[in-house]
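Since the structure comes first, as C-alpha cells, the remarks are kept for the end.
All values below come from the heavy atoms of this structure, side chains included, with hydrogens, waters and symmetry mates left out.
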Amino acid sequence: MSSSILPFTEANSKRVASLFRRALRTAFDSSLKFDAYRNETIKIRAQFEANKNINNPSDLEEAIARTERKLEEWKHPDPYITPCRPGGTKYQRNLPSPDEPVVPGNW
C-alpha cells in the first residue's frame, strides 16, 4: 500500500464518526418535525452502513471526500443553535454583577 491512509484505524473511525454527527446535525437543521428528522436519520445511517466495509484506502478517501462535499452542499444557511451555547439567544444573558462600581466616583 503506497498510501499513508489505512482503513480501519482509529483516526479513520473518528473521521467517519465526525462525518456521521455532522450529517445528523445537518438533517436536524433542515427538519422541522421529529418524524421527518427520524426518517432522514434512518437514510443517513443506511448510507454509512453501505460503505462500512471499504478496504481500499483510495476508495475510503473518495467516500470521505464525497460525504464532505455532500454535507457542504446540504449545509443549512441558518443552523439551529442551542439557546445557551455561544451564538444562541440566551448566551450570557444573565451575567454576574461587576465587583467594581458601575459609575466611577464617590457618591
Exercise. Quick one: are Glu68 and Leu71 in side-chain contact, heavy atoms under 4.5 Å?
Worked result: no
For this session: Write out all pairs satisfying ring pair (Phe, Tyr, Trp, His ring centres under 6.0 Å) with one or both partners inside residues 32-73, taking only residues at least two apart or from two chains.
Result: Phe20-Phe48, Phe28-Tyr37
So, using salt bridge (Lys or Arg N to Asp or Glu O under 4.0 Å) as the criterion, who are the partners of [X] when residues are at least two apart?
X     : value
Lys70 : none
Arg69 : Glu62
Arg45 : Glu49

Exercise. What distance separates Lys14 NZ from Asn12 CG, expressed to the nearest 0.5 Å?
Worked result: 11.5 Å
Problem set entry | Separation of Ile42 CD1 from Ile44 CD1 (nearest 0.5 Å) | 10.5 Å
Exercise. Would Arg15 and Glu61 satisfy salt bridge (charged side-chain N to carboxylate O under 4.0 Å, His left out), going step by step from the backbone distance to the final call?
Worked result: CA-CA 11 Å; Arg15 286 175 69 193; Glu61 282 301 313; 2.9 Å; yes
Exercise. Salt bridge (charged side-chain N to carboxylate O under 4.0 Å, His left out): which pairs involve residues 31-41, sequence neighbours left out?
Worked result: Glu40-Lys43
Problem set entry | Test side chain to side chain contact (heavy atoms under 4.5 Å, CB included) applied to Asp59 - qualifying residues, sequence neighbours left out | Ile54, Asn56
Exercise. Quick check: does any side chain N or O of Thr67 sit under 3.5 Å from a backbone N or O of Ala63, one acting as donor and the other as acceptor?
Worked result: yes
Acceptor/donor pairs from residues 75-89 side chains to any protein atom, 3.5 angstrom cut, sequence neighbours excluded:
from: His76; atom 1: ND1; to: Asp78; atom 2: N; distance (Å): 2.9
from: His76; atom 1: ND1; to: Asp78; atom 2: O; distance (Å): 3.0

